[in-house]
Amino acid sequence: MNKDDFYRRVYRVVRRIPTGKVTTYGAIAEQIGARSSSRMVGYALHGVAGDMDIPCHRVVNRNGELTGKMHFATPTLMRDLLESEGVTFRGDAVDMKLHFWQPGKQRKQG
DNA sequence: CGGCTGACTGCGA
DNA sequence: TTCGCAGCCAGCC
């Protein structure tokens with residue numbers, strides 16, 4: 001598992017996040033085989049913030065908080081994008097019980 | 001090579 | 001429920 005490969009896997013999972021859903025750094029890390037490197041997931045997204053190919057705004061922490069919004073063009077862009085997709089919020093955090101998406105749960109589809 | 005930081009998470013008080 | 005500590009690994013100086 002090379003570092004570049006790690007990033008690739010992160011992007012791969014993030015891109016599989018369906019519209020109107022979100023997932024967590026830990027869930028992605030675990031899905032790609034790096035449960036202990038949840039922070040690395042967010043770090044990987046840091047390199048693609050602004051890349052339309054990667055819906056990095058659909059990735060939040062386990063509490064649903066938009067911890068990475070500060071890395072977007074504007075601190076409100078992340079939430080704005082999510083709300084435009086139908087994601088609802090509980091205060092300043094995403095309602096995980098309604099929008100949490102588990103990576104790999106749809107793997108059996110194909 | 002060593003020290004500090006960061007888009008995280010789990011456990012204990 | 002809220003706050004603090006430890007583990008993790010990559011990037012920068």
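Sequence lines set the chain letters: A, B, ... in the order given, protein chains first and strands last, and positions in each chain run from 1. Note that the structure is predicted; figures quoted are calculated from it, not measured.
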Legend entry - Within 6.0 Å of NZ in A:Lys21, more than 12 heavy atoms from elsewhere: yes

Inset, instruction - Convert the base pairs of DNA chain C into dot-bracket notation, remembering that pairs crossing earlier ones are written with [ ] and that bases paired across to another strand are shown as |; include only Watson-Crick or G-U pairs under 3.5 Å. - result: .||||||.|||||

Inset, instruction - Round to the nearest Å and state the distance from A:Tyr43 atom OH to B:dA7 atom C1'. - result: 11 Å

Return a table of donor-acceptor pairs under 3.5 angstrom between the side chains of residues 91-103 of chain A and protein atoms on other chains or two or more places apart.
from: A:His99; atom 1: ND1; to: A:Gly20; atom 2: O; distance (Å): 3.0
from: A:His99; atom 1: NE2; to: A:Thr88; atom 2: N; distance (Å): 3.0
from: A:His99; atom 1: NE2; to: A:Thr88; atom 2: OG1; distance (Å): 2.9

Using atom types as modelled, flag every donor-acceptor pair under 3.5 Å from a side chain in residues 80-87 of chain A to any protein atom, sequence neighbours excluded.
from: A:Glu83; atom 1: OE2; to: A:Arg79; atom 2: NE; distance (Å): 3.2
from: A:Ser84; atom 1: OG; to: A:Asp80; atom 2: O; distance (Å): 3.4
from: A:Ser84; atom 1: OG; to: A:Leu81; atom 2: O; distance (Å): 2.5
from: A:Glu85; atom 1: OE1; to: A:Arg58; atom 2: NE; distance (Å): 2.9
from: A:Glu85; atom 1: OE2; to: A:His57; atom 2: NE2; distance (Å): 2.9
from: A:Glu85; atom 1: OE2; to: A:Arg58; atom 2: NE; distance (Å): 3.3
from: A:Glu85; atom 1: OE2; to: A:Arg58; atom 2: NH2; distance (Å): 2.9

Inset, instruction - Indicate, with a heavy-atom threshold strictly under 4.0 Å, whether A:Ala44 touches base, sugar-phosphate, or nothing. - result: nothing

Inset, instruction - Consider only side-chain heavy atoms of I, L, V, M, F, W and Y, link residues closer than 4.5 Å, and tell whether A:Met70 and A:Val60 are in one cluster. - result: no

Inset, instruction - At the 4.0 Å heavy-atom cut-off to chain A, mark where contacts on DNA chain C begin and end, going 5' to 3'. - result: C:dG7 to C:dG11

Inset, instruction - Would you classify A:Tyr7 as touching base, sugar-phosphate or nothing, given that sugar-phosphate means primed atoms plus P, OP1 and OP2, and contacts are heavy atoms under 4.0 Å? - result: sugar-phosphate

Legend entry - Identified side-chain contact (heavy atoms from CB on, under 4.5 Å) partner of A:Val59 from the options A:Ile17, A:Val22, A:Thr24: A:Ile17

Inset, instruction - Any chance you could list the contact pattern along nucleotides 8-13 of chain B? Use B for base contacts, S for sugar-phosphate-only contacts and - for none, protein heavy atoms under 4.0 Å, 5' to 3'. - result: BSS---

Legend entry - A:Val14 with A:Met78, same ILVMFWY side-chain cluster at under 4.5 Å: no

Inset, instruction - In plain terms, say whether A:Arg9 and A:Asp5 are close enough for a salt bridge, that is, a side-chain N and a carboxylate O under 4.0 Å apart. - result: yes

With a cut-off of 3.5 Å and sequence neighbours excluded, list every side-chain donor-acceptor pair involving residues 32-55 of chain A.
from: A:Asp51; atom 1: OD1; to: A:Asp53; atom 2: N; distance (Å): 2.9

